[in-house]
Visitor: 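Below you'll find the structure I mean.
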Amino acid sequence: MASHNDLGKQGERAAADYLLQLGHTILAQNYRFGRAEVDIISNEKGVIVFTEVKTRSSTQFGLPEEFVDKKKRKLLHSAAGEYMYQNKIETP
């Protein structure tokens with residue numbers, strides 16, 4: 001596996017650990033629907049949280065949140081809807 005993939009996996013583990021520390025229950029990781037992937041799906045006090053993890057070793061090329069564009073948000077939204085439908089979840 002390439003080193004950038006290792007960095008990404010480390011970031012996802014760190015994000016999951018952080019969410020657990022905040023009291024979230026991890027429901028799924030790397031959930032796929034079509035071309036979309038949600039890195040972490042968790043439940044925090046009855047609210048389903050869909051988390052996209054962007055890990056960078058520096059901000060030389062921009063901030064991580066700048067890489068979640070409109071297309072990516074649309075894919076995440078469709079995957080989130082499908083996850084809720086498949087799991088019969090009717091909570092926020």
Visitor: Quick one: CZ on Arg73 to OG on Ser78, what's the gap to the nearest 0.5 Å?
Guide: 13.5 Å
Visitor: Considering non-hydrogen atoms only, spot the tightest contact between Glu52 and Glu37 and give its length.
Guide: OE1-O, 3.9 Å
Visitor: Would you kindly confirm whether Leu75 and Phe50 end up in one hydrophobic cluster when ILVMFWY residues are joined by side chain heavy atoms under 4.5 Å apart?
Guide: no
Visitor: With the 4.5 Å side-chain cut-off for hydrophobic clustering, are Ile48 and Leu20 part of the same group?
Guide: no
Visitor: Given side chains that start at C-beta, do those of Asp39 and Thr51 come closer than 4.5 Å, heavy atoms only?
Guide: no
Visitor: Report the C-alpha distance between Tyr83 and Val38 in whole Å, list the side-chain angles of each, state the deciding distance to 0.1 Å, and finish with yes or no for side chain to side chain contact (heavy atoms under 4.5 Å, CB included).
Guide: CA-CA 10 Å; Tyr83 180 86; Val38 180; over 6 Å; no
Visitor: Count I, L, V, M, F, W, Y as connected when their side-chain heavy atoms are under 4.5 Å apart, and connections chain through other members. Are Phe33 and Ile89 then in the same cluster?
Guide: yes
Visitor: Assess whether side chain to side chain contact (heavy atoms under 4.5 Å, CB included) is satisfied between Leu22 and His24, documenting all intermediate values.
Guide: CA-CA 6 Å; Leu22 293 177; His24 290 236; 3.8 Å; yes
Visitor: Pick one: which of Glu12, Gln29, Arg13, Lys9 meets side-chain contact (heavy atoms from CB on, under 4.5 Å) with Val53?
Guide: Glu12
Visitor: Would you say that Asn43 contacts Val49 through its side chain, given a criterion of any heavy-atom pair below 4.5 Å between the two side chains?
Guide: no
Visitor: Would you say the side-chain atoms of Tyr31 and Gln86 include a donor-acceptor pair closer than 3.5 Å?
Guide: yes
Visitor: Please assess Glu82 against Arg32 for the test side chain to side chain contact (heavy atoms under 4.5 Å, CB included), listing each intermediate value before the final yes or no.
Guide: CA-CA 10 Å; Glu82 183 63 19; Arg32 289 189 164 282; over 6 Å; no
Visitor: Set out, in order, the CA-CA distance, both residues' side-chain angles and the distance that settles side chain to side chain contact (heavy atoms under 4.5 Å, CB included) for Ile40 and Ile26, then state yes or no.
Guide: CA-CA 7 Å; Ile40 303 169; Ile26 304 297; 3.7 Å; yes
